[in-house]
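Order of the sequence lines fixes the chain letters, A, B, ..., with proteins taken first and strands second; residue numbering starts at 1 for each chain.
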There are 2 protein chains.
Amino acid sequence: MQRELADRLTLCTFKKGALIHDAEKVCTRSYFIHQGLVRVYFLKEGKEISEYFCAEQEWVNSPRSFMQQRPDIYYLDAIEETQVAGLDVQDLLFLFGNFPEMERYARLSMGTAYGHFMERITSMRFTTAREKYLHFCETYSDIHHRIPLGMISSYLGITQETLSRIRAQK
Amino acid sequence: MQRELADRLTLCTFKKGALIHDAEKVCTRSYFIHQGLVRVYFLKEGKEISEYFCAEQEWVNSPRSFMQQRPDIYYLDAIEETQVAGLDVQDLLFLFGNFPEMERYARLSMGTAYGHFMERITSMRFTTAREKYLHFCETYSDIHHRIPLGMISSYLGITQETLSRIRAQK
DNA sequence: CAACCCTTTTGATCTGGATCAAAAAATCAC
DNA sequence: GTGATTTTTTGATCCAGATCAAAAGGGTTG
């Protein structure tokens, strides 16, 4: 199965700032990140709002667009020069159909993501801006220093100014 | 497979206010609601914070506790008298092992839940208390009037007083 | 290396929603 | 039904963080 999967992956590199997926289109592939940093964001009143970030050894795509094969609101771009291995949705469906362990892997991964979402929802209610930022630093402990301030503030739902002041004190 | 599933379900009824699952314990069964309304909540500084609500024709459990068979922070209780069909985790695992379509169903359901979570996270950032409430009314359009105000306010992360004032105007 | 552009910081003011307090209304138990 | 408890509403005050404005850094491009 490893072999069947490896044969279907396509390697490619995106330059810093390059658009990996456009919200106008259907997301037909999922990317495994070998090196680099990807941001998932959407537009609200003309401004870019970060939804989350993915780095080395993680899969990234536009979730609802990829799962349901219809356009959704999310754009993906490369925060740094990024090398990925892309897997087409057709190939993934082939693997699901022929290798039950692949479907199990997907179900379990989804369960993990589900848990992370619950935690994030909890951390966004009843917390001060500072607590939100500290939680972000824990969640992204290994990569938080590689993400620009403006992208973090929109991820947290606070303004750049507030985040800058939080960082200043202590 | 329908038959195999039906044979493993246990019917039972919880009175209004009854505890369905205790956070101290491991959640060993998942409940399909035939009639009634269930709240998933946790305690923060002695107060009950609603995480979400489930009603007729939905499955409910303590997600991370059920998936990983270890205790988690969530309690479940019946907001109204509630009739459910319970499925034990052992039985579910048996069904996953013997019926691939069951595993597929679980993966797809999880994907749907994933989408709902993304939407909720979006609706919690950059929105006023009023917008949060309106979003809640859409999300729970068929059951929002069956849920007490205090439980809604903690779900939204606003105070009871603010929610009461929002409802008052218009 | 200078001119430009983008990101981050600093300052001043304003406001939505929290907090504290208490009255009014609804629900429950006996 | 009637008193007790819980839930919801109303009122007054306060503050964390938003908004508006502008200065100060940092990068990158010819």
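- The separation between B/E48 atom CD and D/dT6 atom C1' is 13 Å, rounded to whole Å.
- For the pair B/R125 CZ and D/dG17 P, the interatomic distance rounds to 17 Å; values are reported in whole Å.
- Aromatic rings of B/H34 and B/F32 (six-membered ring for Trp) have centroids within the 6.0 Å cut-off, being under it.
- Separating the NZ atom of A/K16 from the P atom of D/dG26 is a distance of 15 Å, rounded to the nearest angstrom.
- For residues 148-164 of chain B, proximity to DNA chain D is found at B/P148, B/L149, B/G150, B/Q160, B/E161, B/S164, defined as any non-hydrogen atom under 4.0 angstrom from a strand atom.
- Side-chain contact annotation: B/Y75 with B/R39, donor-acceptor N/O pair under 3.5 Å absent.
- For the pair A/Q169 CD and D/dG17 P, the computed distance is 10 Å after rounding to whole Å.
- Atom-to-atom, CZ of B/R167 to P of D/dT7 comes out at 14 Å; the value is rounded to the nearest Å.
- At the heavy-atom level, B/K132 lies nowhere under 4.0 Å from the strands shown.
- We find that A/E80 and A/K15 are not joined by a salt bridge, their nearest charged nitrogen and carboxylate oxygen being 4.0 Å or further apart.
- Using a 4.5 Å heavy-atom threshold, the side chains of B/F53 and B/R146 count as separate.
- Between A/E48 and A/S154, the shortest heavy-atom contact is O-OG, 3.6 Å.
- For A/E81 and D/dT28, the CD to P distance is 13 Å, given to the nearest whole Å.
- Protein atom CZ of A/R165 is 7 Å distant from nucleotide atom C1' of C/dG11, rounded to whole Å.
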Could you give me the CA-CA distance, side-chain angles and deciding distance for B/Y41 and B/Y52, then say whether ring pair (Phe, Tyr, Trp, His ring centres under 6.0 Å) is met? CA-CA 7 Å; B/Y41 71 96; B/Y52 54 82; over 10 Å; no
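- Summarising the geometry, the separation between CD1 on A/I147 and C1' on C/dT7 is reported as 16 Å, rounded to the nearest angstrom.
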